[in-house]
Q: 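Once you've had a glance at the structure underneath, I'll fire off some questions.
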There are 2 protein chains.
Amino acid sequence: MAPDTGDPAPSGRPATSVDVARLAGVSQATVSYVLNDAPGVTISEATRARVRAAAEELGYAPDASARTLRTGRSDIVLMPLLAAPIGTLVLSLLNELVERLREHGLTLALYGDARSRGVVAARDWTRWRPAAVVVEAHRLTAASVRRLHDAGCATVVGLGAEPSPLVPTMVIDDGEIGAAAARHLLGRGRRNLAAVVPAERGLDAFGERRLGGVTAAAQAAGAAVRCVDLPFDEDAAARLAAGWAAGGARPDGVFAYNDEYAMLLMRALQDAGLDVPGDISVVGADDLPLGRFLRPRLSTVRVAGDVTAAGLAERLARMVAERERDPAVTVSLTRVEMVPRESS
Amino acid sequence: MAPDTGDPAPSGRPATSVDVARLAGVSQATVSYVLNDAPGVTISEATRARVRAAAEELGYAPDASARTLRTGRSDIVLMPLLAAPIGTLVLSLLNELVERLREHGLTLALYGDARSRGVVAARDWTRWRPAAVVVEAHRLTAASVRRLHDAGCATVVGLGAEPSPLVPTMVIDDGEIGAAAARHLLGRGRRNLAAVVPAERGLDAFGERRLGGVTAAAQAAGAAVRCVDLPFDEDAAARLAAGWAAGGARPDGVFAYNDEYAMLLMRALQDAGLDVPGDISVVGADDLPLGRFLRPRLSTVRVAGDVTAAGLAERLARMVAERERDPAVTVSLTRVEMVPRESS
DNA sequence: TTGTACGCGTTATCAT
DNA sequence: ATGATAACGCGTACAA
């Protein structure tokens, strides 16, 4: 561990701008001007240097609350807790997103209040005077958006399946995922489709959307889709597969909610003596690396391949800077791509 | 969408405690006393009711920065960005952890500065006067811990492979994972072990630790361990498997860095005509649900099965309340459990 | 460049 | 027993 040569004066409380001013022999105002590169003030280079040296020597870092209190706006991007589905997408980017936001001077704060919405929630969110609030669009109301703006929030960004009429939205279109899978299966000549979704639906509107996409695409092609609720459980999958193996109304193409469900299902089908894709084609979603280790390799729908944390952070920073409030603005987080492999 | 009956007066800027005082016909101080249930002051129930009603009517929420500025401490738990390995464990709990922290009045803020450490980093972290900082222990130094405490931080919690001499630590003991796997393989009569770890080591001291555990356990039993660097890549795995199938010095038991590596490896071994576990036993780590869908089912080492987000939040809240600073305090986040299945 | 008012909630001190 | 007054924390920005 390297020796830690930090503050030469690790004494008592952190230094304030007054301390810096005293050490540099200038006024507190000058310190502020220099360190913020304030426009419209002229300060000699010599003074600037003295101030900066003093700040460095004292290890000065401006108190965020004091600055926020004065300016009425913090550098916080507040993300009230995301419900599971959106969470998985964003969470996978989280590590890098945080870092990238930092490069734009923004701090990500997570807020845990999954159940409240509307103005009641907005009251809470405004307590830190965030520069931006990024939240599932369905938790917003006209009044809550107004409240956030009134509190100095530069931009309120919605997340959801479709553009919000209230705020600029980042759209996560799960319907398109199901649709891509369905079109693929139909293109392979499958006419009798099934969609396997988690048994506990309603918990996530996610599966619902993916299912909706399948249905729409199939109907457009005049094909049938049946929906199968399946707990994530080997026994349940085995029962389902046994039924299909026994010859009951067996689909010839299945879209699974995600790759994990696809793997569960494929395993069960094979154990029941069915051939994949001979008897039944299987398509998953999310493109887990593990899908390639199956035999046959799992076909899947890849999502958001080109949505990078850097890009998101960049976009967010711009929306803050420009106080973007136009509900017509939408950013699509889901670029969907079918990845055909051997299972279909 | 429900109608949003929030503030009856959605006017201009958010209400302040002065507004509440005026409406309730009391002083600003009284508002503070009432809403904070201040001890040592006596205020009539009638007044309390008036204050609360006024606050409710105005949709009053105290400004967090003002409160922080005054008290010198915020309700923020700051987690400077975590490097990959620890990230996966914590990240999986993140959603719920955030919510649970909220129940204790704490807000989680993520901070993106992965590369700085010591006092330089601590300066940055103190800007929000966090109630707690939770960070990888190796990024701390004596001076930085002092700085954090000086800035009012109630507790600094380290994360790491071993207890830190500086702060109470949450220990993630990866060595024990490798050791559990090795003991299991040895107990199955395997004497010629291999550990498969990611090719780009050093990037994560994680694999290093798991490997160390394997080695130690094997040595204790007088068995051999060879270390194999493997890129996460089907071709590389195929080449490795082909070599072993050709009869070269083939191990009879393999511990893979994690379940994903185990799946990659098992697939390659089987494709190369080797029998698992007949020729080679395979053990992974992390207990991914998908391991059960392999044939044979994947044996694995389960980690942190009983570390819940609620428990962590509870612990953290207590450490804040008690200003826990004793480096002797350690919380183990890794309870390791061998889960034998068919692959070993 | 500097003096100073200001933003808002907390708490010690003082007055009924 | 109840509640008001006022100082304070720290950085920012306007008037001087």
Side-chain angles (χ1 to χ4, degrees), chain A residues 12-52 54-55 58-75 105 123 126-129 150-152, chain B residues 12-52 54-55 58-75 105 123 126-129 150-152:
Chain A
R13 79 201 188 314
T16 72
S17 65
V18 175
D19 297 326
V20 175
R22 192 157 29 225
L23 180 58
V26 299
S27 78
Q28 189 192 18
T30 303
V31 172
S32 178
Y33 290 140
V34 170
L35 297 181
N36 294 332
D37 267 325
V41 292
T42 44
I43 295 177
S44 73
E45 200 42 61
T47 304
R48 300 182 107 90
R50 286 216 321 288
V51 169
R52 279 195 264 264
L58 296 177
Y60 170 71
D63 181 304
S65 8
R67 169 178 276 164
T68 298
L69 179 57
R70 181 60 238 209
T71 64
R73 173 128 21 102
S74 71
D75 64 357
R123 278 218 278 275
T126 53
R127 302 197 327 112
W128 281 108
R129 305 288 141 123
D150 283 350
Chain B
R13 76 196 191 319
T16 72
S17 65
V18 176
D19 298 325
V20 176
R22 192 159 25 227
L23 180 58
V26 300
S27 79
Q28 189 192 17
T30 303
V31 172
S32 178
Y33 290 141
V34 170
L35 297 182
N36 294 333
D37 266 326
V41 292
T42 45
I43 295 179
S44 71
E45 200 44 59
T47 304
R48 302 183 105 89
R50 287 216 321 287
V51 169
R52 280 195 264 265
L58 296 176
Y60 171 71
D63 181 304
S65 8
R67 170 179 272 158
T68 299
L69 179 58
R70 179 63 242 206
T71 63
R73 174 128 17 105
S74 72
D75 64 356
R123 275 218 279 275
T126 51
R127 302 193 331 109
W128 282 110
R129 304 289 142 117
D150 284 349

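Just so we're on the same page: letters track the sequence lines, and every chain starts at 1.
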Q: Would you mind classifying the nucleic acid contact of A:Leu69 as base, sugar-phosphate or nothing, using non-hydrogen atoms under 4.0 angstrom?
A: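 The answer is base, as A:Leu69 lies within the cut-off (heavy atoms under 4.0 Å) of a base atom.
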Q: Ignoring the backbone of B:Arg70, work out which of C:dG7, C:dG9, C:dG3 is nearest its side chain.
A: C:dG9
Q: Apply side-chain hydrogen bond (donor to acceptor under 3.5 Å, both in side chains) to B:Thr30 and list each qualifying residue two or more places apart in sequence or on a separate chain.
A: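 B:Thr30: side-chain hydrogen bond (donor to acceptor under 3.5 Å, both in side chains) contacts with B:Ser27.
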Q: Would you say a side-chain N or O of B:Ser32 is under 4.0 Å from OP1 or OP2 of C:dG9?
A: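 Checking B:Ser32 against C:dG9: no side-chain N or O falls below 4.0 Å of OP1 or OP2.
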Q: Any base atoms under 4.0 Å from B:Ser27, or only sugar-phosphate, or nothing? Heavy atoms, all strands.
A: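 It contacts base atoms.
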Q: Classify B:Val26 by what it touches in the nucleic acid, base, sugar-phosphate, or nothing, heavy-atom distance under 4.0 Å.
A: sugar-phosphate
Q: Using only side-chain N and O atoms of B:Ser44, determine if any of them is under 4.0 Å from OP1 or OP2 of D:dA1.
A: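 Answer is no, no contact under 4.0 Å.
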Q: Can you tell me whether the side chain of B:Tyr60 and the base of C:dC8 have a donor-acceptor pair closer than 3.5 Å?
A: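 Answer no: no donor N or O sits under 3.5 Å from an acceptor.
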Q: Looking for any heavy atom pair under 4.0 Å, which part of the strands does B:Thr68 touch: base, sugar-phosphate only, or nothing?
A: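 No contact.
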Q: Separation of B:Asp19 atom CG from C:dG9 atom C1', in whole Å?
A: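 Rounded to the whole Å, the gap is 13 Å.
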Q: For DNA chain D, whose closest nucleotide is more 5', that of B:Ala66 or that of B:Tyr33?
A: B:Tyr33
Q: Find the distance B:Leu35:CG to C:dT11:P and express it as a whole number of Å.
A: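 Whole-Å distance recorded here is 13 Å.
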Q: Taking only the side-chain heavy atoms of A:Thr16 (C-beta and beyond), determine which of C:dT1, C:dC8, D:dG11 contains the nearest atom.
A: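 Within the option list, the nearest is D:dG11.
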Q: Is there a side-chain contact between B:Asn36 and the phosphate of C:dT10, meaning an N or O under 4.0 Å from OP1 or OP2?
A: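 Checking B:Asn36 against C:dT10: at least one side-chain N or O falls below 4.0 Å of OP1 or OP2.
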Q: Just verifying a value: how many Å separate B:Arg70 CZ and B:Asp63 CG, rounded to the nearest 0.5 Å?
A: 14.5 Å
Q: Out of C:dT1, D:dG11, C:dT4, which nucleotide sits closest to the side chain of A:Ala29?
A: C:dT4
Q: CZ of A:Arg129 versus C1' of C:dG9: gap in Å, rounded?
A: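 Value for this atom pair: 12 Å.
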Q: How many angstroms lie between atom CZ of B:Arg67 and atom OG of B:Ser32, to the nearest 0.5 angstrom?
A: 7.5 Å
Q: Let me spell it out: for each of B:Arg50 and B:Arg67, pick the nucleotide of DNA chain D with the closest heavy atom. Which residue's pick is nearer the 5' end?
A: B:Arg50
Q: Between C:dC8 atom P and A:Arg73 atom CZ, what is the distance in whole Å?
A: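 Taking CZ of A:Arg73 and P of C:dC8, I get 14 Å after rounding.
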Q: Using only heavy-atom distances, decide whether a donor-acceptor pair under 3.5 angstrom links the side-chain of B:Gln28 to the base of C:dG9.
A: yes
Q: Contact class for B:Ser65 vs. all strands (heavy atom < 4.0 Å): base, sugar-phosphate, or nothing?
A: nothing
Q: Judged by atom type as modelled, is there a donor-acceptor pair below 3.5 Å linking the side chain of A:Ser74 to the main-chain atoms of A:Trp128?
A: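 The answer is yes, because a donor-acceptor pair under 3.5 Å joins these two groups.
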Q: Angle between the end axes of the helix from C:dT1-D:dA16 to C:dT16-D:dA1, five pairs per end, to the nearest 10 degrees?
A: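 Computed angle between terminal axes is 50°.
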Q: With sugar-phosphate meaning primed atoms plus P, OP1 and OP2, does B:Thr42 contact a base, only sugar-phosphate, or nothing at under 4.0 Å between heavy atoms?
A: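 Counting heavy atoms under 4.0 Å across all strands, the contact made by B:Thr42 includes a base.
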Q: Phosphate oxygens OP1/OP2 of D:dG11: is one of them under 4.0 Å from a side-chain N or O of A:Thr71?
A: no
Q: Roughly, in whole Å, what's the span from CG in A:Asp75 to P in D:dT12?
A: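 Atom-to-atom, A:Asp75 to D:dT12, this comes out as 12 Å.
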Q: Please pick, from D:dG3, C:dT11, C:dG9, the nucleotide with the shortest atom-to-atom distance to any side-chain atom of B:Pro62.
A: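 Of all the options, the side chain of B:Pro62 is nearest to C:dG9.
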Q: For B:Asp37 and B:Arg48: C-alpha separation, side-chain torsions, deciding distance, then whether side chain to side chain contact (heavy atoms under 4.5 Å, CB included) applies.
A: CA-CA 10 Å; B:Asp37 266 326; B:Arg48 302 183 105 89; 3.7 Å; yes
Q: Of all the nucleotides listed (C:dT11, C:dC8, D:dG3), which has the minimum atom distance to the side chain of B:Ile43?
A: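 Nearest to the side-chain atoms of B:Ile43, counting from C-beta on, is D:dG3.
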Q: What's the separation between atom OG1 in A:Thr71 and atom CZ in A:Arg129, rounded to the nearest 0.5 Å?
A: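 So the gap between those two atoms works out to 10.0 Å.
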Q: Partners of A:Asp19 by salt bridge (Lys or Arg N to Asp or Glu O under 4.0 Å), sequence neighbours excluded?
A: A:Arg13, A:Arg22
Q: Start with the C-alpha gap between A:Leu35 and A:Arg52, add the side-chain angles, then the distance that decides, and say whether side chain to side chain contact (heavy atoms under 4.5 Å, CB included) holds.
A: CA-CA 7 Å; A:Leu35 297 181; A:Arg52 279 195 264 264; 4.3 Å; yes
